[in-house]
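Lettering follows sequence order; numbering is per chain, from 1.
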Amino acid sequence: MINALRGMKDLTFEESERFVHIVTTAIGISKKYGYNYIETPILEESKLFKRSVGESSDIVGKEMYQFEDKGGNDVCMRPEGTAGVVRSFIQAKLDRRQNEKFKFYYYGPMFRYERPQKGRLREFHQFGCESFGEASVYEDFTIIQMIGDIFKALGIGYDLQINSLGCPTCMPPYRQNLINFLTECQDELCEDCNRRITTNPIRVLDCKNEKCQSLLTNSPKLINSLCDSCDGDFKKLVKLLKSENISYHIDSNLVRGLDYYSKTAFEFVSNNIGSQSAIAGGGRYDKLVEFLDGKSTPAVGFALGIERIMELVQMPEISREGYYIGAMKQEGVDALFSLASQKRATDKVTLEYAPKKLKAHLKGADRVNARYCAVVGEDEFKEQKVWVKDLIQKQESVINWSDF
RNA sequence: GUAGGCGUAGUUCAGUUGGUAGAGCACCUGUUUGUGGCACAGGUUGUCGCGGGUUCGAGCCCCGUCGCCUACCCCA
C-alpha cells in the first residue's frame with residue numbers, strides 16, 4: 001500500500017467541507033474589502049525566497065523543498081505566499097503605476113520540510129491578502145479589521161497581538177542597542193540565543209526559554225525606540241483599534257519570522273490548538289517590492305493557516321437535502337435517468353442503480369441524507385408514476401413522471 | 001536534529017503473571033412478502049505495523065526497523 005508522504009494529509013468528508021467553508025468565508029469577506037484573486041505558481045526560483053524571506057531564516061535555511069529541475073534551474077516549492085505575489089506584482093509592472101492601489105487575495109498549498117506535529121504540516125494551506133500602494137496606517141488597521149471579520153464569521157475566538165518593528169530609520173540603531181545589551185548578558189542566555197546574537201538578534205526577543213525571558217525584561221524595547229513616524233503610526237493604530245472595539249495586546253517581543261516585515265506586525269493567536277497557536281499573522285512590508293527589484297511600493301498583508309483554523313471551526317449542522325431515487329425492479333431502473341435529470345435542474349439527486357426492496361431504498365435515502373426518497377416500484381412502473389416520501393414530514397404521494 | 005508516547009477488526013479501543021484475540025460503534029440479514037431513523041435477535045470482519053530473537057508456546061518479553069502522535073525548534 002502506498003501512503004501519503006509524511007506531513008501531508010488527505011481531506012475528505014466533513015474535513016474537506018470545513019476546509020471549503022473556511023476558504024469561501026475568507027474569500028467572501030476579502031471581496032467585500034475590495035480584494036481580487038491572484039493565482040501564482042507553487043514552484044518558484046529558490047532565489048526569490050532567499051532574497052525575500054531571508055537566508056538567515058529557518059524557512060530558507062533548512063525547510064525548503066528545493067531541488068534542481070530538468071533544465072538545471074534551482075527551484076523550490078513555495079514555503080509562503082507573499083514572495084510569489086510580490087514577484088508577480090513586479091513582473092506585471094504594477095509597481096510602475098505608482099498612484100494606483102492593488103489588493104490581492106490568494107489561497108493554496110505551502111511547503112516546509114519540518115517535523116510534523118499538531119497544527120504543523122509539511123504541506124499546509126494558507127489564505128492570504130496583500131495590499132499594495134497604500135502607505136497609510138489606516139490600511140494596517142483595515143486589514144486587522146478584515147481578519148477580525150473573517151474569524152467572527154467563522155465563530156472563532158482569538159487573541160490579537162500587535163507590535164511595531166520600526167523602519168530603516170529606527171530599526172538599525174535599536175538593533176545595535178539590543179546587540180550591546182545581549183552581549184553583556186551573553187553568558188546567561190541560552191545556546192540558541194547566543195547564536196542568534198550574530199545571526200538575527202531580534203529573534204532573541206521571542207525566545208521561549210524562561211531564563212532568557214526574565215533577562216529580557218530589562219532589554220531595550222523597540223516600541224520605546226521608534227522614530228516619530230513609526231511611533232505616530234503605531235499610536236494611531238492603537239487608537240483605531242480602541243475606537244472600533246477590537247481588543248488587542250501589545251507584545252513588544254512579537255517578531256515576525258520573515259525578514260521583510262517593517263512597522264506594524266500582528267499575530268492572531270488561539271490557545272485551544274496546542275503549541276502551534278498562531279492562526280494568522282502579518283504586517284507591513286514597505287521595503288520588499290524594492291528589495292525584489294521593483295519600484296518602491298508600500299504594502300501590507302497577512303496569511304492565515306487554514307489547517308489550524310480547521311481545528312477551531314464548528315460547522316453548521318447538515319440538514320436533509322435533495323432526492324434519493326431508486327427502483328425496485330430492473331425495468332424501473334432505466335426509467336430513473338430522465339426523472340433524475342428533471343430533478344437535477346433544481347435539486348441535489350442521488351441515483352441508485354441497483355433494484356432493491358423499498359426498505360433498502362429508504363435506508364439508502366437516510367444514508368445519503370436525502371430529504372425525499374423517490375422509488376419506482378412494480379405498480380408505479382406500469383402506471384408511469386413514482387412514489388415519493390418526504391423523510392422529514394413523513395408524508396408520501398404517488399405522482400406522474402411528467403409532474404415529478 | 002532532540003525527547004516522550006502509541007501502532008490489535010472499517011472505526012474507537014480492551015486484552016490479566018506469555019497459553020495462537022474480544023467489546024462498543026459501523027456493516028449485513030431477519031422480526032416487518034412495499035415503509036427509513038428506534039428496538040430486539042442473529043451474522044460478517046484481523047498478515048495483532050514489519051523483520052529478527054528468547055520460549056514447548058509471543059499481541060504480551062528482547063533487539064532492530066518503519067509509521068503515527070505530541071513537545072522542543074520554527075511558524076500560518
Side-chain angles (χ1 to χ4, degrees), chain A residues 1-9 22 26 53 56-64 78-82 107-129 147 158 190-193 195-196 200 203 206-209 254-258 261 266-270 273-283 301-312 320 324 326-329 332 355-373 375-381 387-392 394-396 398:
Chain A
M1 187 170 63
I2 297 170
N3 294 315
L5 291 170
R6 192 161 163 71
M8 309 206 173
K9 284 266 180 314
I22 291 165
V53 178
S56 69
S57 70
D58 279 17
I59 293 178
V60 170
K62 49 190 184 192
E63 295 173 2
M64 289 210 295
R78 63 182 181 196
E80 58 95 41
T82 300
Y107 65 94
M110 309 293 161
F111 300 84
R112 294 182 197 174
Y113 197 87
E114 298 182 88
R115 198 69 158 241
Q117 67 180 68
K118 194 176 176 66
R120 189 172 77 185
L121 294 164
R122 288 182 174 179
E123 181 187 24
F124 62 101
H125 296 77
Q126 289 187 335
F127 174 91
C129 287
I147 301 168
Y158 57 82
C190 74
E191 208 179 302
D192 285 332
C193 285
R195 196 190 62 237
R196 286 192 273 240
N200 199 345
R203 292 224 62 92
D206 66 349
C207 180
K208 281 172 188 153
N209 186 308
L254 171 66
V255 173
R256 310 269 60 232
L258 313 162
Y261 287 105
F266 57 83
E267 208 160 275
F268 287 71
V269 172
S270 167
I273 52 170
S275 69
Q276 305 300 314
S277 56
I279 52 176
F302 77 92
L304 43 89
I306 298 176
E307 283 85 352
R308 290 182 186 177
I309 291 165
M310 280 175 66
E311 308 250 338
L312 298 165
R320 289 187 177 279
Y324 167 102
M328 294 171 69
K329 286 281 187 291
K356 287 180 183 177
K357 292 196 290 186
L358 183 62
K359 181 174 177 156
H361 282 309
L362 283 160
K363 269 192 178 169
D366 249 349
R367 194 156 303 161
V368 298
N369 237 318
R371 162 122 200 215
Y372 300 95
C373 179
V375 176
V376 175
E378 263 181 292
D379 301 342
E380 289 85 1
F381 181 73
W387 173 90
V388 180
K389 179 165 184 176
D390 181 332
L391 265 22
I392 297 173
K394 300 176 194 292
Q395 288 167 346
E396 47 193 274
V398 177

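- The distance from atom CG of A/Asp366 to atom P of B/rC38 is 8 Å, rounded to the nearest whole Å.
- One can place CD of A/Glu267 at 8 Å from C1' of B/rC75, the figure rounded to the nearest angstrom.
- Take A/Glu267 and apply the salt bridge (charged side-chain N to carboxylate O under 4.0 Å, His left out) test, not counting sequence neighbours, and it matches A/Arg256.
- Rounded to a whole angstrom, the distance from the P atom of B/rA71 to that of B/rG43 is 44 Å.
- Separation of the P atoms belonging to B/rU65 and B/rA58 is 23 Å when rounded to the nearest angstrom.
- Across the protein-nucleic acid pair, A/Arg115 atom CZ and B/rA71 atom P stand 14 Å apart, rounded to whole Å.
- Side chain of A/Glu80 to backbone of A/Thr82: a donor-acceptor contact under 3.5 angstrom is found.
- Within 4.0 Å (heavy atoms only), A/Gly364 reaches no atom of the nucleic acid at all.
- B/rU2 sits 15 Å from B/rG64 when the P atoms are compared, rounded to a whole Å.
- A close approach under 4.0 Å does occur between a side-chain nitrogen or oxygen of A/Ser275 and OP1 or OP2 of B/rC72.
- Look at CG on A/Leu121: it is 17 Å from P on B/rC75, rounded to the nearest Å.
- The residue among A/Phe268 and A/Pro116 whose nearest nucleotide of RNA chain B lies closer to the 5′ end is A/Pro116.
- A/Arg120 places a side-chain N or O within donor-acceptor distance of the main-chain N or O of A/Arg115, the cut-off being under 3.5 Å.
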Self-check item: Contact pattern, 5' to 3', of nucleotides 26-35 of chain B - B, S or - by protein heavy atom under 4.0 Å
Solution: -SS-SBB-BB

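- The same atom, P, is picked in B/rG52 and in B/rU12; the two are 28 Å apart, to the nearest Å.
- Following rounding to the nearest Å, A/Leu304 (CG) and B/rA76 (P) show an atom-to-atom distance of 11 Å.
- B/rC13 sits 23 Å from B/rU45 when the P atoms are compared, rounded to a whole Å.
- Distance CD (A/Glu114) to P (B/rC72): 12 Å, rounded to an integer number of Å.
- Distance alone, capped at 3.5 Å, places no donor-acceptor pair between the A/Arg371 side chain and the A/Arg320 backbone.
- Contact check, A/Gln117 against B/rC72: a side-chain N or O comes under 4.0 Å of OP1 or OP2.
- Side-chain polar atoms of A/Ser275 and A/Gln117 form a donor-acceptor pair below 3.5 angstrom.
- Atom C1' of B/rG46 sits at a distance of 12 Å from the matching atom of B/rG59, rounded to the whole Å.
- Ring centers of A/His125 and A/Tyr107: at least 6.0 Å apart, outside the cut-off.
- Side-chain N or O atoms of A/His361 include none that pairs as donor or acceptor with a backbone N or O of A/Cys373 at under 3.5 Å.
- Atom CZ in A/Arg122 sits roughly 10 Å away from atom P in B/rG67 (whole-Å rounding).
- From A/Met310, atom CE reaches atom CD1 of A/Ile22 across 6.0 Å, with rounding to the nearest 0.5 Å.
- For the pair A/Glu63 and A/Leu5, both in contact range of RNA chain B, the more 5′-proximal nearest nucleotide belongs to A/Leu5.
- B/rU8 sits 11 Å from B/rC48 when the P atoms are compared, rounded to a whole Å.
- Comparing B/rU47 with B/rG22, their P atoms are spaced 16 Å from each other, to the whole Å.
- Of the possible polar contacts, one joining the A/Arg308 side chain to the A/Gly119 backbone as a donor-acceptor pair under 3.5 Å is found.
- Proximity note for A/Asp58 (side chain, C-beta onward) versus B/rA76, B/rG36, B/rC73: the nearest is B/rC73.
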Practice problem: Whenever both distances are under 3.5 Å in a Watson-Crick or G-U wobble pair, mark it; put RNA chain B into dot-bracket that way, with [ ] for crossing pairs and | when the partner is on another strand. | Solution: (((((((..((((.....[..)))).(((((.......))))).....(((((..]....))))))))))))....

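- For the pair A/Arg122 and A/Phe111, the NZ or CZ position fails the cation-pi test of under 6.0 Å to the six-membered ring centre and within 45 degrees of the ring normal.
- Nucleic acid contact for A/Ala280: sugar-phosphate only, since backbone atoms but no base atoms lie under 4.0 Å from a heavy atom of the residue.
- Contact of A/Arg6 with B/rC66 (side chain to base): no donor-acceptor pair of N or O atoms is detected under 3.5 Å.
- At the phosphate of B/rC69, OP1 or OP2 sits under 4.0 Å from a side-chain N or O atom of A/Lys9.
- Electrostatic pairing of A/Arg112 and A/Glu123 does not count as a salt bridge here, judged by no charged N lying under 4.0 Å from a carboxylate O.
- Using a 4.0 Å heavy-atom distance criterion, A/Leu391 is classed as a base contact.
- In this structure, A/Lys62 places its NZ atom 13 Å from P of B/rU2, rounding to the nearest Å.
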